[in-house]
Number of protein chains: 2
Amino acid sequence: MASLGELERAVMDLLWAGQEAATANTLRDQLARTSAAQGGSGHEGKELAVTTVLTVLSRLEKKGLVERERGTRPHRYQAVSSRADHTAELMHEVLGSAPDREAVLARFIGSVSEGEAETLRKLLGQP
Amino acid sequence: MASLGELERAVMDLLWAGQEAATANTLRDQLARTSAAQGGSGHEGKELAVTTVLTVLSRLEKKGLVERERGTRPHRYQAVSSRADHTAELMHEVLGSAPDREAVLARFIGSVSEGEAETLRKLLGQP
DNA sequence: TTTAACTTCTACGATCCGTAGAAGAACTGC
DNA sequence: GCAGTTCTTCTACGGATCGTAGAAGTTAAA
């Protein structure tokens with residue numbers, strides 16, 4: 001139950017990019033600008049209705065990806081976890097469904113760049 | 001475009017498990033047996049119509065996960081790549097969409113079991 | 001207290017997936 | 001060669017998810 005739609009993903013990207021919690025209106029404007037100019041993948045320069053953004057935010061909330069402050073008047077929304085955390089979690093999810101985890105890891109490592117391999121070695125440290 | 005439905009996944013699991021290419025009928029029977037007894041997740045003991053299996057196989061073929069021998073009379077189907085390869089590819093796909101790959105890897109490594117960390121060290125070898 | 005901003009409810013069309021019947025194509029035994 | 005059987009393709013429907021947004025209800029501001 002982890003897959004996101006195109007607009008849902010665009011919204012998450014904005015929430016992950018900004019450090020502050022955002023309102024639906026802010027997000028709507030950012031979506032309108034994010035953005036024809038950028039190489040943004042898909043959801044660019046659309047003038048969306050605010051209700052559209054609110055619906056998407058509600059769905060993201062139900063999925064546990066977003067939380068909102070209900071206290072403030074324009075509710076403020078923010079990502080529950082960082083993009084890196086979320087992505088890493090997704091990777092574990094994908095990996096977890098395999099009965100041959102070690103084989104998967106082997107293939108995975110096999111096609112990682114040398115730079116990243118180096119990073120991984122550092123992260124793994126000594127036994 | 002990588003996510004699979006429940007039945008699609010069950011079929012892939014069978015194709016990945018068996019080493020030989022299988023026919024729709026074989027798969028149908030295996031699906032009927034794979035199986036109430038097993039802890040199979042979801043798609044168990046259903047008596048499916050063969051056309052149902054064929055439809056699913058066609059969809060998997062369109063997605064590039066399965067290929068079929070059209071020459072033989074009952075067409076024979078097999079997975080294009082091993083489960084491990086496919087899963088590793090999926091992991092790369094998930095990772096690839098992130099601008100902060102190293103951060104993701106860090107989180108990922110952070111929540112890997114010690115046994116797997118050991119495996120990873122071996123796989124990475126020396127610089 | 002009227003109005004403006006904001007949220008919730010409801011809904012519709014598109015796509016995807018599980019499911020399968022109907023119709024068409026090919027093989028097999030006579 | 002023909003009839004019956006087997007197999008494939010085409011078409012379709014119902015449920016779920018997602019993009020999209022109007023209508024109605026609620027709260028804050030003037």
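All chains are named by letter (A, B, ...) in the order of the sequence lines, taking the proteins before the strands, and each is independently numbered beginning at 1.
Distance, B:Leu60 CG to C:dT19 P: 13 Å, rounded to whole Å. Regarding B:Met12, its CE atom lies at a distance of 13 Å from the P atom of C:dG18, rounded to whole Å. The distance between atom CD of B:Glu6 and atom P of D:dA16, rounded to the nearest whole Å, is 13 Å. For the pair A:Lys62 NZ and D:dG19 C1', the interatomic distance rounds to 15 Å; values are reported in whole Å. Between the CZ atom of A:Arg59 and the P atom of D:dA21 there is a distance of 13 Å, given to the nearest Å. Regarding A:Arg28, its CZ atom lies at a distance of 11 Å from the P atom of C:dC6, rounded to whole Å. Following rounding to the nearest Å, A:Lys63 (NZ) and D:dA16 (P) show an atom-to-atom distance of 15 Å. A:Asp29 has its CG atom 11 Å from the P atom of C:dC6, to the nearest Å.
The phosphate of D:dA21 (OP1 or OP2) has a side-chain N or O of A:Thr52 nearer than 4.0 angstrom.
Residues that satisfy the salt bridge (charged side-chain N to carboxylate O under 4.0 Å, His left out) test with B:Glu69, not counting sequence neighbours, are absent from this structure. With sequence neighbours excluded, the residues satisfying ring-ring contact (aromatic ring centres under 6.0 Å, His included) with B:Phe108 are A:His92.
Under the 3.5 Å distance criterion, with hydrogens and angles disregarded, a donor-acceptor pair is assigned to the side chains of B:Arg68 and B:His75. Side-chain atoms of B:Ser58 and B:Thr55 include no donor-acceptor pair closer than 3.5 Å.
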Between the protein and nucleotides 7-11 of chain D, which nitrogen or oxygen pairs come in under 3.5 angstrom?
from  : atom 1 : to      : atom 2 : distance (Å)
D:dC7 : O3'    : B:Arg73 : O      : 3.3
D:dT8 : OP1    : B:Arg73 : O      : 3.4
D:dT8 : OP1    : B:His75 : N      : 2.5
D:dT9 : OP1    : B:Arg70 : NH2    : 3.2
D:dT9 : OP2    : B:Arg68 : NH1    : 2.8

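Closest approach of A:Ala84 to B:Val104, counting heavy atoms only: CA-CG2, 3.8 Å. Nearest heavy-atom pair, A:Asp85 versus A:Ser81, reported as atom, atom and distance to 0.1 Å: CB-CB, 4.0 Å.
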